[in-house]
Each structure stands twice: as structure tokens, then as C-alpha cells.
Amino acid sequence: MILFTVFIASFVVSSVQGSRVAYMAVRADKASYEMGENVTFTLTPLSPGAKCTLQGYSSNSGITMLRLPDDIDPETYLDDEQVLVNISMWSHGGSFPQGPYVAIPSITTNGEPLSFSWNGTISTFDPVTGNVTWGQASAGYYILCPVNFLSSGSATKLMLDRSSIFYLDGLRVAFDVTYIGGNFSVRADLSLGEGTEGIDGMFSTVVPDHTEYQEGNVTLFNETVHLVPGSTTSITIEYPGVDMGYGPPTTNLLCYLYTGERTFTFGFYQSYYSDVNPDGEQVAGVRNVQY
């Protein structure tokens with residue numbers, strides 16, 4: 001597959017010392033990982049002899065794992081001309097989770113691959129406790145994205161290809177969001193793959209942008225669930241939308257599944273977007289970004 005060059009502003013800013021360009025691929029070691037298994041990946045130099053140093057220019061410099069929407073085909077995703085727009089939007093979620101990431105300090109490559117790993121957990125800010133919490137990320141396809149790097153020596157271009165995308169198995173979550181008559185209705189479908197063990201736990205959701213939250217409170221929903229492998233458990237919650245005075249109301253949801261063995265963390269936020277449809281017409285709408 002032809003490599004896809006990452007050139008979004010803030011991904012890599014090069015300080016060129018000479019005309020040599022150092023290309024480096026960001027690749028997962030495998031196509032899929034089991035729940036609880038470390039995701040291992042490499043920064044693999046593609047330009048022998050081109051030495052370069054990558055250095056983060058903020059505390060959030062590293063490789064971010066962004067979850068692809070379930071309606072995206074991972075085999076053809078990098079062929080989409082909108083891929084950079086999507087990645088840029090997903091990786092700048094404001095106060096929302098920006099995807100788990102592996103912090104990478106200043107590194108110098110002389111042609112040898114550099115190996116890293118992610119333990120499959122994600123951090124979120126819990127408005128109930130006021131603390132940052134950690135939990136197991138939900139199942140799905142993820143793409144490895146480098147963010148906030150400076151480079152010195154040879155100019156550096158970080159490349160994405162099909163091996164930059166991997167599947168993480170585990171708790172499978174899908175959200176269906178509707179807004180009718182001033183109210184949001186959110187259905188969360190939870191499932192486990194065949195051959196896994198069932199899960200009993202407490203499904204807990206936080207609605208940070210509920211009207212009551214604007215007054216300093218947080219709306220909570222809690223429900224006991226029993227998940228059976230191969231079947232789907234659906235939970236629906238409803239709450240009023242918040243009119244921000246422009247565009248259609250949007251919402252976001254932070255969810256936890258507490259079990260005896262581990263805590264799962266997942267959710268979504270909504271973002272306005274503009275795009276061009278197949279007829280060349282400019283369209284706008286709201287996109288769900290799941291994590």
C-alpha cells in the first residue's frame with residue numbers, strides 16, 4: 001500500500017539542516033490485540049542514512065491512539081482525502097478525551113526502529129470526583145497518530161499506512177444518538193465476542209453538559225448489567241438538550257463499566273463539521289466522535 005504522509009499542522013514541525021528528508025513510518029507490530037494485551041508499535045526509519053532527532057514541544061507529545069468510527073472501513077480509510085481533516089478534528093477534542101497516547105521523549109534515529117507500547121487504558125476527567133481516572137479502552141479499530149513533535153537534523157515526515165491501524169478487542173460499544181423535541185435519546189449497545197467470559201458490573205454514565213451541570217451539578221445514570229458473550233445488551237438514557245444559542249444542540253457522554261476485575265472507560269462527544277458531498281456541494285452537520 002502506498003504510504004500516507006502525515007502533514008497536519010502541529011503533527012511535525014521541521015527545522016531543516018540540509019535538504020535530506022527522513023521518512024519514518026508509524027506501525028503497529030500486529031493487526032489485532034486481545035483485551036489486556038499491550039499494543040506494541042515502532043517508529044521505523046524509511047530513509048537509510050538520514051539521521052534525525054524528534055523532540056516534543058509540549059507535555060502532550062507522543063503517539064496518540066485515535067479510535068476510528070465503526071462505519072469506517074480500516075482497509076480503505078487512508079485512501080480518503082478527508083482523512084487529515086478527520087484526524088485533526090478528533091485529536092483536538094478540547095476538554096474531551098483526545099485519545100490515549102504514549103509520551104515519547106527526545107529521540108534520535110540512526111536507521112534502527114524504535115519500539116514502544118500502550119497498555120490499552122485511557123484516561124478521562126471525572127466531573128463527579130474532580131479527578132483523572134483510568135480504565136480499559138473499548139474495542140474497535142485505532143490509528144496511531146504522532147502529535148506535537150519538533151525535528152532537527154534532516155527534515156522529518158512521519159508516514160501512515162495500513163499497519164498504522166490495529167484492532168483492539170474487548171468490550172464492544174456502539175452509540176445511537178437522536179435529538180427529538182428538545183431531548184436527547186442515547187442508546188448504548190454493549191457486547192462481548194464469542195468465546196469470552198461474561199461480565200457482571202455497574203454501567204454508570206455522566207452527562208457533563210446537562211442543564212443541571214451548568215449550575216454546578218452532574219447528571220448520573222446507573223444500571224446493573226449482565227453481559228453474555230455473543231449477545232447485545234442495550235441501555236437507553238434520555239435527557240434535555242442544552243441550547244447554546246447557535247446550531248443544533250450537541251452532547252457528550254462519559255461512561256464507565258465497573259466490574260470486579262477492571263473498569264472500562266468509553267463515551268463520545270459531538271462536533272460540528274463541514275464537508276463536500278459527492279455532488280460537490282458544501283454540507284454541514286454534527287459528527288459523533290467515540291473514544
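None of the values given here were measured: they were computed from a predicted structure. The residues of the chain are indexed from 1 along the displayed sequence.
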Side-chain heavy-atom pair Arg67, Ser138 within 4.5 angstrom cut-off: yes
Carboxylate-amine/guanidinium proximity below 4.0 Å for Glu238 and Arg187: no
Ser191 versus Thr232, closest heavy-atom pair with distance: CB-OG1, 3.8 Å
Ser234-Asp189 side chain donor-acceptor pair, cut-off 3.5 Å: yes
Under 3.5 Å side-chain donor-acceptor pair for Ser163 and Asp161: yes
Distance-minimising heavy-atom pair for Leu144 and Leu160: O-CD2, 3.2 Å
Ser204 and Phe221, any side-chain heavy atoms less than 4.5 Å apart: no
Within one Ile-Leu-Val-Met-Phe-Trp-Tyr cluster: Trp134 and Leu257, side-chain cutoff 4.5 Å: no
Flag for Thr124-Thr133: side-chain donor and acceptor within less than 3.5 Å: yes
Validation row: Phe268, Thr251 side chains within 4.5 angstrom (heavy atoms): yes
Side-chain donor/acceptor of Thr259 to backbone N/O of Arg262, under 3.5 Å: yes
Any side-chain heavy-atom pair of Arg162 and Tyr77 under 4.5 Å: no
Over all atoms of both residues, closest heavy-atom pair of Arg27 and Thr44: NH1-CG2, 4.3 Å
Exercise: identify the closest heavy-atom pair between Ala174 and Asp70: CB-OD2, 4.3 Å
Derivation and outcome, side-chain contact (heavy atoms from CB on, under 4.5 Å), residues Val206 and Leu253: CA-CA 6 Å; Val206 179; Leu253 201 64; over 6 Å; no
Aromatic ring pairing Tyr239/Phe184, orientation class (parallel under 30°, perpendicular over 60°, tilted between): tilted
Min side-chain heavy-atom separation Met65-Ile143 under 4.5 Å: no
Side chain to side chain, Phe175 and Gln290, heavy atoms closer than 4.5 Å: yes
Sequence-distant partners of Phe266, ring pair (Phe, Tyr, Trp, His ring centres under 6.0 Å), two or more places apart: none
From Tyr167, Tyr291, Trp118, residue fulfilling ring pair (Phe, Tyr, Trp, His ring centres under 6.0 Å) relative to Tyr142: Trp118
Thr205 and Tyr256, any side-chain heavy atoms less than 4.5 Å apart: no
Steps toward ring-ring contact (aromatic ring centres under 6.0 Å, His included) verdict (Phe166, Tyr33): CA-CA 8 Å; Phe166 63 89; Tyr33 297 86; 5.7 Å; yes
Least distance between heavy atoms, Ile122 atom then Ala137 atom: CG2-CA, 4.1 Å
Ser185 vs Asn183 side-chain heavy atoms within contact, under 4.5 Å: no
Intermediate values then yes/no, side-chain contact (heavy atoms from CB on, under 4.5 Å), Asn222 and Met202: CA-CA 7 Å; Asn222 297 291; Met202 174 65 70; 3.8 Å; yes
Test log, rule side-chain contact (heavy atoms from CB on, under 4.5 Å), inputs Thr40 and Lys30: CA-CA 8 Å; Thr40 54; Lys30 299 195 303 182; 5.7 Å; no
